[in-house]
Amino acid sequence: MLESIIKTMLNLNPQQHEAIHYLAGPLLVLAGAGSGKTRVITEKIVYLITQANYPPQQIAAITFTNKAAREMQERVGHLLRKPRTRGLTICTFHSLGMRFLREEAAAAGYKKQFSILDSADAGKIISELLGSSGREMVFKAQHQISLWKNSLLTPEAVIRQAEDPWTHQIGQLYASYQDTLTSYQAVDFDDLIRIPVELLQTDADIRYKWQLRLRYLLVDECQDTNTCQYALMRLLTGAEGKFTAVGDDDQSIYAWRGANMENLRLLQQDYPDLKIIKLEQNYRSTARILRVANQVIAHNPKLFAKTLWSEYALGDMIDVIACKNETHEADLVVSRIAHQKLVGGDAVHYRDFAILYRGNHQARVFEEALRSRRIPYRLSGGQSFFDKAEIKDVLAYVRLLANPDDDPAFLRAVTTPRRGVGETTLAKLNNYAKVAQCSLFEAARSMDALVELSPKSREPLMQFMAMLADYQTRATTEAAGSLLHNLLADIAYEAHLLNTEEGRAGEIKWCNVRDLLGWIGQKSEEDDKNILEIAQTIALMTLLEGKEDEDADMVSMSTLHASKGLEYPHVFLVGCEEGVFPHADSVEEGNIDEERRLMYVGITRARQTLTLTHCHKRKRAGSWEFHEPSRFIDEMPAEDIRLLGRKGSEPIVSQSEGKSILASMMARLDSLQS
DNA sequence: GCAGGTAGTGTTTTT
DNA sequence: CACTACCTGC
C-alpha cells in the first residue's frame, strides 16, 4: 500500500512534488493545460490523509462541475481504500453550499427542506414579476441579478447605488425576486454560495464551527471563481489560509457568469505569504500542438507568464479544412474519423475522437452524420437529462413533497397531467395567496380560498391536495423508489405521456422517467436517504451518475466549455469561423480575449492530432450566412498548419504521411465501400 | 378548461 | 428551421 503510493510519487516532476508536499501556508499552483493538475490535487489529498495525518472529514476539494468532482473521487478511490476516505468532501462549490445551507438553514431563515430552483424556474419568476416584458429583457435581468449576487451586492445596495433608471428598475426587480424566493422557501444557484458567505461573514459562531471543521481546502480551477466563491473560500480557510488553489489564467472561460480571474492576483494580495508554484511541463500533447496553443494565447495579455513545453516529438501537422457548409463539414469530419479508425485498426478506437464546438446547436448536424454512418457517439453537455420536460414533471412532484411552499413545483404538478384545474382556478388561488401572504399550497388548503371556487373546479383540486397529503405522510417512511412509482401510477403519468406525445416519443419519455425512478431508488438505498433528502441533491445534478461509462467506445461531442479538463488523441475543432468562434456577440462586446482562451482550451485538449474546420456558409434561422475563417487560425504559426479544401484543392482524407501508401490504399478501399 | 393550430421569433458558453 | 407563445374553437 505505502509502497505503491511512494512508487506513484516517484515519477512526479519537482514542481508537482513540491506542490503536493507544501503545507507551510497558502499555495497557488499555476497549472498549464495537461500539466498534471488533477493528479496534484488527488495525490495531495492522499498525502494529507496518509502522511500529514489530516482526518479525511477535515479536507474538502472543490471543483466546478459534477464531472470533475466525480473524476476526482474516482481517482482518490484508486489510491486509497474506502475507510481511509470516510468523510472526505469532494464536490462542487454549489453542493458544498447546499450542504452548508441545509445545516444552517435556520440561521438563514430557511427551513431544512428548501427547494433549489434551476435557471428556467428562476427565469419564469422574473418574467412574471416583470409583467409583459419581452424575452430578451427577462434574460438580461436574470443575468444582471446573477452578476449582482455573485459580486455580493444586496438589492438594497444596488438600488442605493443605481445611477440610471434601468439599473434602479432592475434593482427593484432583484428585491422582489428575492422576496419571492424566500416566500417559496427556495434558493437559486447563486444563493447556494451567496447565503453561506453572508452567514459566515455575520455569524462568528458559524464561522468558527466551519473553520474548525474544514482544516484544508483544495480549490480546482481557481481562475473560474467569482467574487462570491472566492469569498467563500477565504471565509472557510480563515486567516491561516490552509489551502491549495489550482488554476490557469489562460483557461479562464467563465467571465460571462461572473468568474473573475483577477482572483488569482487577489490571492497574492490577500495572502502575502502565498507560495506560487508553476507547472509548465505538459504530458498530453505533441510539441506542435503546444507550439500552436502557445502562439495563439500569446496574443492575450498575461496575468502570470507561463509557457507550456513538452518532451514529446513535434508530431503531425494541424489540418485546417475549409468546408462549403455545415453538412459538408459534418461529412468531412465524420468520414475522417471513420477513415482513421479503419487505418488505425485495433489501435484506434472511437473514444479517441472528440468533436468540439462553440455552441450546443452545432451538434445536430454531426449527430446526424454520425448516426448515418452508424458510429456510436456520446453527447456531453447540451440539454441535461434533468431538463427534459417529463423529468421536470416528475421532479415537480418530488419537490412539492419536500417543500409544499415551492410554488413553481406546485403549479407544474397541479397542471400535469391536466386534471381540471385551470387558469381561472389558479388565478383565484394566486389572489388568495397574495392577500394571505402564503404559498399556493397553503391557499389551496384553506377553506376560505376554496369557497370562492365553483364546485366543479374545487373537486379536482381537493382530490389533488388529498393525494399530496397522503404521500407527504408516507414520504419519510416509504422507500423513495416505490413511493414515486405509486404516485406516478396514481396520476396515470405513463398514460398521460403515451396519449399526449406523437408516435414513439411518449415511450421514450416514459423510459426516461423509469430511468429516473431507478436512479432515485438506487440512490436512496445507497445513501439511506428518503425522497425528501434526495429532492435537493437532484437540482444540482447534471448527468445521470454511473450511466455514462467511460470505457464505452464512442466518439465524444462536446462544447468547448464542457471539454475543459478532458483530453483526446484526436480532436476536431469545428465551426472555426468569425461570428461563430469567436462568437459575434463576444466580438461586439470586445471579449475576444476570452474567446481566445476558449480556443486555447480547445487546442490543448488534443494529444496527437488536431483538425480545425470552418464553413464558407451556414444556415442560420432559415437563411444562409457567410463566414470568414476564424481570426484564431491566422494567429497560428503558418509552418504548423496545413490548409485543406481551399480554392479547389481537394481535401485529403489521409492523415499521417508516414504510412501514406497504406493509407491511400485504405482510403480507396474506404471510398469503394461507402 | 383544454388542445391544437398558427404566427412570430431567435440563447453562446453552465452550476 | 424549430420552438414558443398566444389564440381560438370545442
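Just the heavy atoms: all of them, side chains too, but no hydrogens, waters or symmetry mates, feed the values below. Lettering of chains follows the sequences in order, A, B, ..., and the numbering in each one begins at 1.
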J.: Are any of A:N150's side-chain N or O atoms less than 4.0 Å away from OP1 or OP2 of B:dT15?
T.: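 So the side chain of A:N150 is outside the cut-off, no N or O lying under 4.0 Å from OP1 or OP2 of B:dT15.
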J.: Ignoring backbone atoms, establish whether A:R620 has a side-chain N or O less than 4.0 Å from OP1 or OP2 of B:dT12.
T.: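 Looking at the OP1 and OP2 atoms of B:dT12, one of them is under 4.0 Å from a side-chain N or O of A:R620.
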J.: For the P atoms, the ones on C:dT4 and on B:dT13, what distance do you get once it is rounded to whole angstrom?
T.: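 About 15 Å, rounded to a whole number of Å.
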J.: Looking at B:dT11, B:dT14, C:dC3, which one has an atom nearest to any side-chain atom of A:F139?
T.: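 Selected nucleotide (nearest to the side chain): B:dT11.
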J.: Looking only at the aromatic ring of each residue, does the gap between the centers of A:H561 and A:Y254 stay below 6.0 angstrom?
T.: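 Yes; A:H561 has its ring centre under 6.0 Å from that of A:Y254.
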J.: Indicate, yes or no, whether a donor-acceptor pair under 3.5 Å links the base of B:dT15 to the side chain of A:S119.
T.: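 Answer is yes: a donor-acceptor pair is held.
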J.: Quick one: do A:R257 and A:D224 make a salt bridge, cutoff under 4.0 Å?
T.: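 Salt bridge between A:R257 and A:D224, a charged N being under 4.0 Å from a carboxylate O: no.
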J.: Counting side-chain heavy atoms from C-beta on, which of B:dT15, B:dT14, B:dA3 comes nearest to A:Y254?
T.: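 Between B:dT15, B:dT14, B:dA3, the one nearest the side chain of A:Y254 would be B:dT14.
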J.: Taking atom P of C:dA2 as reference, at what distance in whole Å does atom CD of A:E367 sit?
T.: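 Distance check: A:E367 CD to C:dA2 P gives 13 Å.
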J.: Taking the six-membered ring for Trp, is the centroid-to-centroid distance between A:F93 and A:F64 below 6.0 Å?
T.: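 Yes - the distance between ring centres of A:F93 and A:F64 falls below the 6.0 Å cut-off.
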J.: Where the side chain of A:T92 is concerned, which of B:dT15, B:dT12, B:dC2 is the nearest nucleotide?
T.: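 Ranking B:dT15, B:dT12, B:dC2 by closest atom to the A:T92 side chain puts B:dT15 first.
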J.: What is the distance from CG of A:L101 to C1' of B:dT15, rounded to the nearest Å?
T.: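 Distance, rounded to whole Å: 15 Å.
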J.: Which whole-number value in Å describes the distance from A:H361 NE2 to B:dT14 C1'?
T.: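 Atom-to-atom, A:H361 to B:dT14, this comes out as 16 Å.
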J.: Identify whether any heavy atom of A:R419 sits under 4.0 Å from a base atom; if not, whether one sits that close to sugar-phosphate; answer base, sugar-phosphate or nothing.
T.: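 Result for A:R419 = sugar-phosphate.
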J.: Side chain of A:D585 only, heavy atoms from C-beta on: which candidate in B:dT14, B:dT12, B:dT15 is closest?
T.: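 Of the candidates, B:dT12 comes closest.
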J.: Starting the side chain at C-beta, find the nucleotide from B:dT15, B:dT14, B:dC2 nearest to A:R418.
T.: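 When the side chain of A:R418 is considered, B:dC2 is the closest of B:dT15, B:dT14, B:dC2.
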J.: Specify the closest pair of heavy atoms between A:T613 and A:V333, including all atoms of both residues, with the distance to one decimal.
T.: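 Residues A:T613 and A:V333, closest heavy atoms: CG2-CG2, 3.8 Å.
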J.: Specify the separation, in whole Å, of atom CD1 of A:I145 and atom C1' of B:dT15.
T.: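 Taking atom C1' of B:dT15 as the reference, CD1 of A:I145 is at 17 Å.
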J.: Would you mind reading off the distance between A:M137 atom CE and B:dG10 atom C1', rounded to a whole angstrom?
T.: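 Result: 19 Å.
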J.: Starting at CD of A:E221 and ending at P of B:dT13, how long is that distance when rounded to a whole Å?
T.: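 The answer, rounded to whole Å, is 19 Å.
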J.: Kindly state whether the pair A:H561 / B:dT13 counts as stacked, where counting means centroids closer than 5.5 Å and planes tilted less than 30° apart.
T.: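 By the stated criterion, A:H561 and B:dT13 do not stack.
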J.: If you measure from the Lys or Arg side-chain nitrogens to the Asp or Glu carboxylate oxygens, is any gap between A:R75 and A:E71 under 4.0 Å?
T.: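 Counted as a salt bridge, because a side-chain N and a carboxylate O are separated by less than 4.0 Å.
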J.: Between A:T559 and B:dT14, is there a side-chain N or O to OP1/OP2 distance below 4.0 Å?
T.: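 Looking at the OP1 and OP2 atoms of B:dT14, one of them is under 4.0 Å from a side-chain N or O of A:T559.
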J.: Would you indicate, yes or no, if B:dT13 has its OP1 or OP2 atom less than 4.0 angstrom from a side-chain nitrogen or oxygen of A:N360?
T.: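 True: A:N360 side-chain N/O within range (under 4.0 Å) of B:dT13 OP1/OP2.
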J.: Please tell me which of A:S586 and A:T415 maps to the more 5' nucleotide of DNA chain B, matching each residue to the nucleotide holding its nearest heavy atom.
T.: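 Looking at the nearest nucleotide for each, A:T415 comes out on the 5' side.
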J.: Could you tell me how far C:dA5 sits from B:dT12 if I compare only their C1' atoms? Round to whole Å.
T.: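 Here B:dT12 and C:dA5 have their C1' atoms 23 Å from each other.
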J.: Rounded to whole Å, how long is the line connecting atom CD of A:E368 with atom C1' of C:dA2?
T.: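 In whole Å, C:dA2 C1' lies 13 Å from A:E368 CD.
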J.: Between P on B:dT15 and NE2 on A:H143, what's the gap in Å once rounded to a whole number?
T.: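 Those two atoms, NE2 and P, are 16 Å apart.
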J.: Take A:R399 and A:D121 through the test salt bridge (charged side-chain N to carboxylate O under 4.0 Å, His left out) and record every step on the way to the result.
T.: CA-CA 13 Å; A:R399 266 163 60 186; A:D121 280 328; 2.9 Å; yes
